[in-house]
Amino acid sequence: MKKLLNYSTKYIDDEIKRRQSCLESAKHEIRTGMDYREILYQRLDQRMAEQAYDWVINSLCDLFFEYAQDGDIRMQLDVDAKAAKESYYIAALIGVLCYEMIEKGFTHHVLDSGSLYDFKKNNFNFSKVAILANEYELALKMTGMDTVEGALVSQDYSLACEILPDSPEDDSIGTDEITQCMWAIAHGDEKLFNNYIEKRIKMLRRYARLNPRTFDSWGMAAVKLAQRRGIQCHIDVIELPYQLLDDIRVDTRGLIFPKAEQIRSIIGEKKRS
C-alpha cells in the first residue's frame, strides 16, 4: 500500500498544479543549459591550455553538475527516462575523471562551506548519477570499496553493516536521512527505509522556500539501491517518481565526454613526474 504524504508547503502545492505548464519552461531550461555547457567547455579548454591544472577539477565538477541537472530535469518531467540516463551516464564519466585526478594528487579549489571539498566523504553526490543510469562499475570508481555507498553498490551488505554504526540514530550519522536510508538498506529493513525516506521528503518540503526541489535524485538513487536489496519504497510523492526506474542500461555507443583523452593525458603526465 503506497503512502501519500500531505503536501506541507505552498511551493509543492503550486508545483503540482502547474506541472504541465512547467513543461515548456523546463524545455527552455534544457536549451539554455546547452549554451551554458558550451561556456563550461571553453573554460575547461582554457585551463588545460594554460596548464592551470589546479582549476581543472573545478571545471570538471561544473560540467558534471550541468549534465546531472539535465538528467534530473528530464526525469522530473517524465519526458524521457532514456535521455535522462544518457545525461547521467556522461555525468558519471566526468565524475570518474574527477576522482582519478584527486587520487593522483591533483590540487583543486572546490570548496564546501569554505573548506576544501571532501570528495570521498561526499562521493554519493557523484556516484548517484551512475546508480540512476545502472552503471554500477562507474559508481564504484567514485565510491571505492571502503565506503558504505561502495558496499551497497557492490551488494556487500555485511561490509556495509560493518562500516556503519550500530544504530541509525548514532551521533556519527546525526540527522542525515540518506545515510539512515543506507543503514536500513544494509540491514534489509523495509519499514525503517520507508520511515527515513518519509522523513527526508518532509525535510525537503520544510525547507522548500530556501531550496525548492520537486525531484530528489539523492532519494531516487537510495530507492534504486533499496530495490536491488529487495526493499520497496511505499512513499508516493512527486519528488520520487520511482516508476521511472528500471534495470536497463542505455546504449552508450556514441555517448562520450569529448575531453576525456586530454584529461587522461594530463593524469598520465602526473604519473611520470
Side-chain angles (χ1 to χ4, degrees), residues 57-58 60-61 64-65 67-68 71-72 88-108 110-113 115-190 192-193 196-197 199-200 203 216-231 233 240 245 247 249 267:
I57 291 177
N58 294 62
L60 289 176
C61 286
F64 169 87
F65 287 114
Y67 279 102
D72 289 352
Y88 287 146
Y89 173 75
I90 296 174
L93 294 178
I94 299 169
V96 168
L97 290 171
C98 283
Y99 277 76
E100 287 184 8
M101 291 192 74
I102 292 157
E103 183 181 338
K104 297 306 176 187
F106 282 88
T107 58
H108 60 84
V110 185
L111 299 179
D112 182 12
S113 301
S115 302
L116 198 64
Y117 192 82
D118 188 337
F119 279 85
K120 183 170 184 177
K121 178 181 177 182
N122 297 303
N123 71 74
F124 198 58
N125 289 340
F126 290 80
S127 63
K128 66 184 175 68
V129 300
I131 293 167
L132 291 173
N134 297 312
E135 296 288 342
Y136 298 107
E137 289 185 11
L138 291 179
L140 280 172
K141 289 180 179 179
M142 291 175 272
T143 63
M145 288 296 298
D146 58 344
T147 64
V148 176
E149 298 87 341
L152 294 182
V153 167
S154 60
Q155 297 182 289
D156 188 343
Y157 302 114
S158 60
L159 175 60
C161 289
E162 289 177 15
I163 297 172
L164 287 160
D166 292 335
S167 168
E169 304 291 335
D170 190 89
D171 289 342
S172 63
I173 296 178
T175 58
D176 183 348
E177 298 88 1
I178 290 296
T179 304
Q180 290 171 326
C181 284
M182 290 182 179
W183 194 99
I185 295 169
H187 289 80
D189 192 324
E190 184 169 292
L192 200 59
F193 174 80
Y196 286 127
I197 277 288
K199 177 184 172 187
R200 175 169 174 80
M203 179 276 294
D216 179 17
S217 56
W218 287 266
M220 280 282 279
V223 170
K224 181 68 180 174
L225 291 174
Q227 288 179 342
R228 299 180 83 218
R229 178 72 154 122
I231 291 174
C233 181
L240 300 173
L245 294 176
D247 296 322
R249 295 175 63 199
I267 293 173

How close do [X] and [Y] get, heavy atom to heavy atom, and via which atoms?
| X | Y | answer |
| --- | --- | --- |
| I173 | S167 | CD1-O, 3.8 Å |
| A91 | A68 | CB-N, 3.9 Å |
| G150 | T143 | CA-OG1, 3.2 Å |
| A184 | I231 | O-CD1, 4.0 Å |
| A133 | Y88 | CB-CB, 3.9 Å |

With sequence neighbours left out, write down each residue that passes side-chain hydrogen bond (donor to acceptor under 3.5 Å, both in side chains) with [X], or none if nothing qualifies.
| X | value |
| --- | --- |
| E137 | none |
| Q180 | K199 |
| E103 | none |

Apply side-chain contact (heavy atoms from CB on, under 4.5 Å) to [X] and list each qualifying residue two or more places apart in sequence or on a separate chain.
| X | result |
| --- | --- |
| Q155 | Y157, R228 |
| S154 | L140, M145, D156 |
| I90 | Y67, I94, L255 |
| D118 | K120, K121, N122 |

Could you tell me the separation between the [atom1] atom of [X] and the [atom2] atom of [Y], rounded to the nearest 0.5 Å?
| X | Y | atom1 | atom2 | value |
| --- | --- | --- | --- | --- |
| I131 | K224 | CD1 | NZ | 10.0 Å |
| I185 | L192 | CD1 | CG | 10.5 Å |
| L164 | T179 | CG | OG1 | 8.0 Å |
| D216 | K128 | CG | NZ | 8.5 Å |
| L60 | F106 | CG | CZ | 10.5 Å |
| L97 | C61 | CG | SG | 11.0 Å |

Can you sort out the partners of F126 under ring-ring contact (aromatic ring centres under 6.0 Å, His included), two or more places apart, ordered by chain and number?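 ring-ring contact (aromatic ring centres under 6.0 Å, His included) list for F126, sorted by chain: F64, F65, Y99, F119.
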
Does any part of the side chain of T147, heavy atoms only, come nearer than 4.5 Å to the side chain of F124, both counted from C-beta?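 Sidechains of T147 and F124: no contact.
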
V148 and side chain to side chain contact (heavy atoms under 4.5 Å, CB included): which partner among V153, I163, L159?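 By the side chain to side chain contact (heavy atoms under 4.5 Å, CB included) criterion, V148 pairs with just one of V153, I163, L159: I163.
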
Go through the steps for N125 and Y117 under the test side-chain contact (heavy atoms from CB on, under 4.5 Å), then give the verdict. CA-CA 12 Å; N125 289 340; Y117 192 82; 2.8 Å; yes

Worked check of side-chain contact (heavy atoms from CB on, under 4.5 Å) between S217 and V129: CA-CA 8 Å; S217 56; V129 300; over 6 Å; no

Donor-acceptor check, side chain of R249 to backbone of E135, threshold 3.5 angstrom: yes or no?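 Answer holds: no.
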
Any pair counted as ring pair (Phe, Tyr, Trp, His ring centres under 6.0 Å), so long as it reaches residues 165-184, sequence neighbours left out: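 Sorted pair list: W183-H187.
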
Identify, with sequence neighbours excluded, every residue that meets salt bridge (Lys or Arg N to Asp or Glu O under 4.0 Å) alongside D171.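 For D171 there are no salt bridge (Lys or Arg N to Asp or Glu O under 4.0 Å) partners, ignoring immediate neighbours.
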
Apply salt bridge (Lys or Arg N to Asp or Glu O under 4.0 Å) to K141 and list each qualifying residue two or more places apart in sequence or on a separate chain.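 Expected list: none.
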
What pairs of residues pass the salt bridge (Lys or Arg N to Asp or Glu O under 4.0 Å) test when at least one of them lies in residues 88-101, not counting sequence neighbours?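 Qualifying pairs: E100-R264.
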
May I ask you to decide whether D176 forms a salt bridge with R200, counting only side-chain N to carboxylate O separations under 4.0 Å?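 Judged by the 4.0 Å cut-off on N to carboxylate O distance, D176 and R200 do not form a salt bridge.
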
